[in-house]
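Letters go in sequence order (proteins before strands), and every chain restarts at 1. These numbers come from a predicted model, not from an experiment.
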Protein chains: 2
Amino acid sequence: MRTLKYAILGLLNRRSMTGYDLMKDFNLDLVNFWYARHSQIYPELKKLTDEGLITYETIIQGERMEKKLYSITQQGQKDFAAWILEKDLLEPTPKDIFRLKTYFIEAMELDQMIDHFEYQLEQREEKLKKLKNTMDHHPFTKGWVKIGTTKYGDYIVLKGAVMREQTYIQWLKECIEEMQCGILKK
Amino acid sequence: MRTLKYAILGLLNRRSMTGYDLMKDFNLDLVNFWYARHSQIYPELKKLTDEGLITYETIIQGERMEKKLYSITQQGQKDFAAWILEKDLLEPTPKDIFRLKTYFIEAMELDQMIDHFEYQLEQREEKLKKLKNTMDHHPFTKGWVKIGTTKYGDYIVLKGAVMREQTYIQWLKECIEEMQCGILKK
DNA sequence: GTATACATGTAAAAAGTTACATGATTTT
DNA sequence: AAAATCATGTAACTTTTTACATGTATAC
């Protein structure tokens, strides 16, 4: 479906940037719903250039370091606009190794199960803390942003990420509690 | 990480079955956290057989239809047991095209945004209805299953899937409401 | 008899990860 | 001077998807 293509076009539609900048965006803002390594980004940029959807301008940083500043073309904008308006059917449920292991929980002892859940809980709580911190510093939270601006999209996906994480944590906690009752009954 | 390998071993650790049976399991029970097409399953079964982790027995169904009944070996059980006890670091957040499009929401008009959200909401509500139905018919819900049995894992991941879907829906609804306020202000 | 489900595979392509490879600039 | 960050690429491999390919058994 070439989703990476549209993710890149969408970012370049906001502002021109280098492959390195794109990489940073994927690993910061977008990491909660899309990501890509630089080894995937650079070849894709080449491909999009060949297809005429983006162009670049070579810039010299400092004495001699070259970097390529990519911009979206008119054709790229058209292509992106068509994609974003497409109505999608539900995607398959995302894969989740933790849930897979949980499905096979009969292969663990009760105390191992609880360990397994508590380790996951620790990590998820750490992640939620970071997400909430990002959210608290977001301009929309502070009442500075209006619907329809660039930052509005950033804000609602962030809010969605917080809610998703909170629910995961709630699930973990409820399971732990239930399993601890199992121990007490022993 | 060969997750498909362990998913197959885990299923065969419960009971012997054919590649076709595995495929059905992936598309029914496991679909909420893992899945694979038959074109991925059959080659993997061959590989696991070569590795000595599973074996098969050819069975004749009816007059001449051959099918292979796969079973886990001792080595396979050992391998699976080691995997399930491994402590995993958090996986990267799952990719989500809907959230990606939402991030780029500035490229849509307000009424298009709402359409986009309402279409997703419809589909998610349909999915939640099915999940809840499965849950209501689950033996654990009816109080028949104890912690530590095979069906307990099935139950808690199902419960997690329901919670995840409810949260997605709640997020969609809150966004729609917020956007509708944006329309009223016009 | 016809449609659906059962049953098993392969080939080609796309998507994604890990490792290899190099060098400049800025911060400490 | 060293470490961190900026900057760009390729190669090999794994994972996943889509399409091709074939035939049997069962339910209606």
Side-chain angles (χ1 to χ4, degrees), chain A residues 1-9 12 16-28 30-31 33-51 54 56-70 88-89 91-97 100, chain B residues 1-8 12 16-28 30-31 33-51 54 56-70 88-97 100:
Chain A
M1 287 197 309
R2 306 219 35 206
T3 310
L4 178 61
K5 162 182 162 178
Y6 297 106
I8 291 174
L9 289 180
L12 294 179
S16 295
M17 51 181 138
T18 67
Y20 193 81
D21 294 331
L22 284 163
M23 188 194 68
K24 277 193 300 180
D25 267 27
F26 277 117
N27 293 299
L28 291 173
L30 278 77
V31 81
F33 47 90
W34 207 265
Y35 50 86
R37 322 237 168 200
H38 77 275
S39 60
Q40 211 184 345
I41 294 169
Y42 289 115
E44 189 66 32
L45 285 169
K46 201 178 178 183
K47 198 174 175 187
L48 294 175
T49 306
D50 292 344
E51 292 171 334
I54 60 176
Y56 68 87
E57 186 189 352
T58 304
I59 299 220
I60 303 293
Q61 181 90 343
E63 284 299 300
R64 75 205 116 188
M65 195 171 75
E66 288 191 354
K67 60 179 186 179
K68 291 177 181 169
L69 187 67
Y70 287 92
D88 303 302
L89 291 177
E91 290 178 80
T93 315
K95 292 182 176 183
D96 184 329
I97 297 176
L100 178 64
Chain B
M1 288 196 307
R2 306 217 37 206
T3 310
L4 178 60
K5 163 184 161 177
Y6 296 106
I8 290 174
L12 293 180
S16 296
M17 51 180 135
T18 67
Y20 193 81
D21 294 330
L22 285 163
M23 187 194 72
K24 277 192 301 178
D25 267 28
F26 277 117
N27 293 299
L28 290 172
L30 279 78
V31 81
F33 47 90
W34 207 268
Y35 50 87
R37 321 234 169 202
H38 78 275
S39 60
Q40 209 184 347
I41 294 168
Y42 289 115
E44 188 66 31
L45 285 170
K46 202 178 178 181
K47 199 174 175 187
L48 294 175
T49 306
D50 292 344
E51 291 171 333
I54 59 176
Y56 68 86
E57 188 191 350
T58 304
I59 300 221
I60 304 294
Q61 181 91 345
E63 283 299 301
R64 77 205 115 186
M65 195 171 77
E66 287 192 354
K67 60 179 186 181
K68 291 176 181 170
L69 187 67
Y70 287 92
D88 302 303
L89 291 177
L90 232 52
E91 291 178 80
T93 313
K95 292 182 176 182
D96 183 330
I97 298 175
L100 178 64

- Whole Å only: how far is the CG atom of B:N27 from the P atom of D:dT16? 14 Å
- Task: Ignoring the backbone of B:W34, work out which of C:dG9, D:dA25, D:dT16 is nearest its side chain.
- Result: D:dT16
- Message: Closest approach to the side chain of B:M65, judged atom by atom: which nucleotide of C:dG9, D:dA7, D:dA25 is it?
- Response: D:dA25
- CG of A:L48 to CD of A:E44: how many Å apart, nearest 0.5 Å? 4.5 Å
- Query: Atom CD1 of A:I8 and atom CD1 of A:I54: how far apart are they, to the nearest 0.5 Å?
  - Reply: 7.0 Å
- Task: Using whole Å, report how far CG of A:L4 lies from P of D:dT16.
- Result: 18 Å
- Please state how far atom CD1 in B:I60 lies from atom C1' in D:dA25, giving the value in whole angstrom units. 13 Å
- Using a cut-off of 4.0 Å on non-hydrogen atoms, how would the nucleic acid contact of B:Y35 be classed: base, sugar-phosphate, or nothing? sugar-phosphate
- Query: Does the side chain of B:M17 come within less than 4.5 Å of B:D25's, by heavy atoms?
  - Reply: yes
- Note on the structure: In whole angstroms, the gap separating C1' of C:dG9 from CG of B:D50 amounts to 15 Å
- Message: If the cut-off is 4.0 Å, is A:K68 near the phosphate of D:dG9, judged by side-chain N/O to OP1 or OP2?
- Response: yes
- Message: Does a side-chain N or O of A:R37 approach OP1 or OP2 of C:dT18 to a distance below 4.0 Å, or not?
- Response: yes
- Task: Indicate the atoms forming the closest heavy-atom contact of A:G19 with A:I41, along with that distance.
- Result: O-CG2, 4.2 Å
- Task: Respond yes when some side-chain nitrogen or oxygen of B:Q61 is under 4.0 Å from OP1 or OP2 of C:dA7, and no when none is.
- Result: yes
- Query: When we call it a touch if two heavy atoms are under 4.0 Å apart, what does B:M23 touch: a base, just sugar-phosphate, or nothing?
  - Reply: nothing
- Item | Atom of B:Y42, atom of B:Y20 and distance for their closest heavy-atom approach | OH-N, 3.6 Å
- Message: Distance check needed: C:dT8 C1' versus B:R64 CZ, whole Å only.
- Response: 16 Å
- Query: Could you give the distance from CD (A:E51) to CZ (A:R2), rounded to the nearest 0.5 Å?
  - Reply: 4.5 Å
- With heavy atoms under 4.0 Å as the rule, sort B:K5 into base, sugar-phosphate or nothing. nothing
- Do any side-chain nitrogens or oxygens of B:K95 fall under 4.0 Å of OP1 or OP2 in C:dG16? yes
- Where along residues 38-48 of chain A does a heavy atom fall under 4.0 Å from DNA chain D? A:H38, A:S39, A:Y42, A:K46
- So, A:Y35 versus A:F26, ring centres under 6.0 angstrom or not? no
- Distance, rounded to the nearest Å, where B:Y20 contributes OH and C:dT8 contributes P: 9 Å
